[in-house]
Amino acid sequence: MKIFLISALVDIIIIFASYFLFRNVISGPTRHRLYEKFMSSFAKFVIIIFLASTLITALTALVLYKTQYIVYINILAPALVSILVGFVMSTVPTRGMGDKEKDAKK
């Protein structure tokens with residue numbers, strides 16, 4: 001149980017670190033275009049996230065199996081998926097449609 005809690009804490013740290021990294025590296029308009037292209041509908045979003053996380057986990061398992069480190073699959077695979085979650089978090093628009101109009105009135 002102790003290892004699970006440590007792994008979960010590290011995953012949360014990885015999620016937020018990758019969120020801030022992608023947010024600072026990728027410009028706002030590019031992130032918005034990525035969001036509109038891949039996550040415009042909720043069904044499309046769920047399917048893409050499922051396929052991406054399955055692919056990441058499968059490739060991680062394959063690499064770890066080939067290198068005889070398969071015992072670390074429950075630690076490494078969620079950490080890599082956490083990077084994907086941080087990327088998805090960074091692409092979500094933080095301003096609404098009417099924010100530009102509200103800022104202009106001030």
Side-chain angles (χ1 to χ4, degrees):
M1 183 69 173
K2 181 180 175 184
I3 294 173
F4 169 75
L5 293 175
I6 292 170
S7 177
L9 182 65
V10 169
D11 288 341
I12 291 171
I13 292 169
I14 291 172
I15 288 171
F16 283 109
S18 63
Y19 166 74
F20 289 115
L21 176 76
F22 287 121
R23 186 161 176 153
N24 290 330
V25 170
I26 303 171
S27 69
T30 304
R31 285 186 284 125
H32 188 69
R33 281 193 302 270
L34 285 170
Y35 177 80
E36 286 179 346
K37 183 173 183 170
F38 293 111
M39 292 166 256
S40 57
S41 74
F42 186 71
K44 193 178 187 183
F45 168 75
V46 169
I47 291 170
I48 289 173
I49 293 298
F50 173 75
L51 291 176
S53 61
T54 303
L55 182 68
I56 290 170
T57 303
L59 289 175
T60 304
L62 180 67
V63 168
L64 291 177
Y65 180 74
K66 294 286 185 185
T67 60
Q68 303 296 320
Y69 290 109
I70 195 69
V71 295
Y72 298 111
I73 186 74
N74 291 331
I75 296 171
L76 194 57
L80 293 174
V81 172
S82 296
I83 295 170
L84 173 70
V85 171
F87 172 73
V88 170
M89 280 176 48
S90 72
T91 61
V92 175
T94 54
R95 285 192 247 163
M97 294 278 292
D99 285 348
K100 288 182 183 176
E101 296 167 4
K102 290 179 186 175
D103 290 339
K105 289 180 183 179
K106 288 183 179 181

Just distance, no hydrogens or angles: give the donor-acceptor pairs under 3.5 Å from side chains in residues 70-85, sequence neighbours left out.
residue, atom, partner, partner atom, Å
S82, OG, P78, O, 2.8

Determine all donor-acceptor pairs shorter than 3.5 Å in which one atom belongs to a side chain in residues 3-11; sequence neighbours excluded.
none

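For residues 44-57, no pair satisfies side chain to side chain donor-acceptor pair (under 3.5 Å), with sequence neighbours left out. Residue pairs meeting the ring pair (Phe, Tyr, Trp, His ring centres under 6.0 Å) criterion with at least one member in residues 74-94, sequence neighbours excluded: F22-F87.
By the rule that hydrophobic residues join a cluster once side-chain heavy atoms approach within less than 4.5 Å of another member, L34 and L55 end up as members of separate clusters. If you chain together hydrophobic residues whose side chains sit under 4.5 Å apart, I13 and I15 never meet in one group. In the hydrophobic cluster analysis, where Ile, Leu, Val, Met, Phe, Trp and Tyr join through side-chain heavy atoms closer than 4.5 angstrom, Y69 is grouped apart from L62.
Annotation: side-chain contact (heavy atoms from CB on, under 4.5 Å) contacts of Y19 (sequence neighbours excluded): R23, M89, S90.
Annotation for I47: hydrophobic cluster partners, listed by chain and number, are F50, L51 (ILVMFWY side-chain heavy atoms under 4.5 Å, direct or chained).
Judged by distance alone, with hydrogens and angles left aside, the side-chain atoms of T30 form no donor-acceptor pair with the main-chain N or O of I26 at under 3.5 Å.
Here the CD1-NZ distance, from I48 to K37, works out to 10.0 Å after rounding to the nearest 0.5 Å.
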